[in-house]
Amino acid sequence: MEASRSSTPEAPPQDLWSSILDSVSSTRSIPSKQVLLLGQPSSGKSALAAALLQKPVEAEDSKEELRSDFALGYDWADVRDEADEDTLARLSVYTVPSAATSYTALLPHFLPPRASVPHTVVMIALDWTKPWTFVEELETWLSWVEEWAKGDGSRDLEISREENRERLQFQIQHYTEPSSEPLPPTTNLSETILPLGPGTLTHNSAGVPIIVTCTKADLIDDTSELGPGASGMGGMVKGKGGEWEERTDGVMQVLRAICLKYGAALFYTTPLPTTLQVLRQYTLHMLFMPPAPSPGIQTGTDAPVALRNPFPFQHKPNALDRDRIIVPAGWDSWGKIAVLRDGFDAKLWGEAWENDIDAKEGEEPEDPSAQKLYRTLVPDNSIKPPPLPPLNMPTPEQVFLARHYDENAKKPDRDPRGAFRNPTEAAPATAGLVGPLGSSSFNLPNVERALTDMELDSAANVNQPAGEPTRKTSRAANRPTANLSIGGAAGPHGLARSTSSASNVASPSPTGGQTQHEVLQNFFQSLLSSKDRAGGATASSRTTTPASVKPTNGTSPPPPPPADESPEEPPAPES
């Protein structure tokens, strides 16, 4: 008995409670729905996300400095039924900053196609202040949606794609405009299936619900300037008249023709809460689409009852009011598009769109091209940045110096070191009033003449008899350097005046077989020796007080100073 009692428990009690809790949580789990919000910067994505989640929009003007764009924006909110009693699903909104590959490459990691395609609605935001970018942005985003929905091409994903496309096609084929009168109870939906019209759902092989939303529709006719350029269609035409209406209708026709090919809906929104609320209702309506019934079991008494959408869409289509356009999927057709404005060829635009999509990256699409046709309708009115100046490649410093070094090395006359290496071969420099003395200044006979004059004056002063008036020497003899400036050229203050005695004295060759350096050395030594002799004679002559007394040493008194110079102060008498 004890053995049998000890062996009865097969599992601990905690495992039993865990299984019960898991079963309850699985039965009451909340499904998840996603909205993938695509658009370029400043296209109104934040206002759309706030309206979908029913959250207040943050004031962007006051928080512009604190605002930061993430690589992938995310927010969520619970979706309740009409009575606000039960939570039907959890709605998540993913926001992409731009169409850059670095941003879009992150989405498959957060929204894997295998699990996300049946529960995702793609919303593409277009900015009405830049209408010339509509076709280009639609080509970019719709092509990306096709690539994202393909995924890895697994078998499970292909089955999910086929079921999702059948559900979207069933929704398009069974669309009926809402009316105040209820439908008869005997209506059989299987008998009212109509084939898809021309140009309807030719793309979007995965059946992803797509909503093209044109934001800022209140600025369509705005002629003011937002930032650097004009905004809306009003800035392209003068006044609000026939041309303005023709262009706005043409843009709407192009957008409707493109949306028809993908089974997408088209909405225009403004900052008014009514337009945003209508967009939210249609988004929930597409998220909770019931699956398409299986065609094999619709006959007989076993035909299943069609599932009811918990969020019916009760707003009628509107293609006339330009600030609140509502074109749900399944209502539009080529005939309704052509009625809006005569002259629109939907087939031509379909072929042009195919050419743009099939063109490879970097290649020009074949004609007709949707982008080229759209440029003729809406020219590009954006402000282009100024072109950059041509690139200037400066020469590296070492290359520049090496090139000029080689040029100077080949030309000795341009090398400043040549005069010091071999002065005799250097070319004579041009004499001038200002600047360094050239080698030609020392080749002139001025140095030898000045020497001769000084020696003659000294000898004359020594041999002059007593009582004879002192002979006034020329200023050139007292200042031998005055003749070295320019070799006889006239200068200020009489610096270049020559003496008569120096010009009449015949001098031998100035060099006498000596080099320039030897001549200079002899010249400066003679200056020093003559200065010593002249200084001694002057000191001895100044020792005698009266002028009539003959000096004891037999020397003549020094000559008086020139008239234009002040006399020097006599030295102190010797003791």
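If you read the sequence from its start, that first residue is 1, and numbering goes on from there. All values below come from the heavy atoms of this structure, side chains included, with hydrogens, waters and symmetry mates left out.
Tyr74 and Ser92 form a side-chain donor-acceptor contact under 3.5 Å, judged by distance and modelled atom types alone. For the residue pair Ser369 / Asp367, no side-chain donor-acceptor distance below 3.5 Å is found, with atom types taken as modelled. Under 3.5 Å, the side chains of Asp156 and Ser154 contain no donor-acceptor pair of N or O atoms. His315 and Gln277 share no donor-acceptor pair across their side chains, judged by distance under 3.5 Å alone. Under 3.5 Å, the side chains of Ser32 and Arg90 contain no donor-acceptor pair of N or O atoms.
At distances below 3.5 Å, at least one donor-acceptor pair connects side-chain atoms of Asp356 with backbone N or O atoms of Ala370. The backbone N or O of Ile325 sits nowhere less than 3.5 Å from a side-chain atom of Asn318 that would complete a donor-acceptor pair. Judged by distance alone, with hydrogens and angles left aside, the side-chain atoms of Asn355 form a donor-acceptor pair with the main-chain N or O of Pro368 at under 3.5 Å. A distance-only check finds no donor-acceptor pair linking the side chain of Ser98 to the backbone of Pro41 [under 3.5 Å]. With Asp345 contributing its side chain and Lys347 its backbone, the two residues share a donor-acceptor pair below 3.5 Å. Checked by atom type and distance alone, the side chain of Gln34 never pairs as donor or acceptor with a backbone atom of Tyr94 at under 3.5 Å. Not a single donor-acceptor pair under 3.5 Å links the side chain of Arg165 to the backbone N or O of Ser160. For Thr200 (side chain) and Leu260 (main-chain N/O), no donor-acceptor pair under 3.5 Å exists by modelled atom type.
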Test log, rule salt bridge (charged side-chain N to carboxylate O under 4.0 Å, His left out), inputs Arg161 and Glu166 | CA-CA 9 Å; Arg161 285 161 51 91; Glu166 291 176 359; over 6 Å; no
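For CD of Glu397, the number of neighbouring non-hydrogen atoms (other residues, nucleotides, ligands) closer than 6.0 Å is 12 at most.
Ring centers of Trp128 and Phe134: under 6.0 Å apart, within the cut-off. Ring centers of His285 and Phe311: at least 6.0 Å apart, outside the cut-off.
Under 4.0 Å is where a charged nitrogen must lie from a carboxylate oxygen, and between Lys261 and Glu354 at least one such pair does. Between Asp380 and Arg375 there is no salt bridge, since none of the side-chain N atoms of the basic residue sits less than 4.0 Å from a carboxylate O of the acidic one.
Under the 4.5 Å side-chain criterion, counting only non-hydrogen atoms from C-beta, Gln314 is not in contact with Gln281. The shortest side-chain heavy-atom distance between Val327 and Phe267 does not fall under the 4.5 Å cut-off.
When all heavy atoms of Ile357 and Ser143 are compared, the closest pair comes out as CD1-OG, 3.6 Å. Closest approach of Leu272 and Arg324 over heavy atoms only: CD1-NH2, 4.3 Å. Phe400 and Thr395 make their closest contact through N-CG2, 4.0 Å (heavy atoms, listed as atom of the first residue, atom of the second, distance). Among all heavy-atom pairs drawn from Leu287 and Lys33, the shortest one is O-NZ, 3.4 Å.
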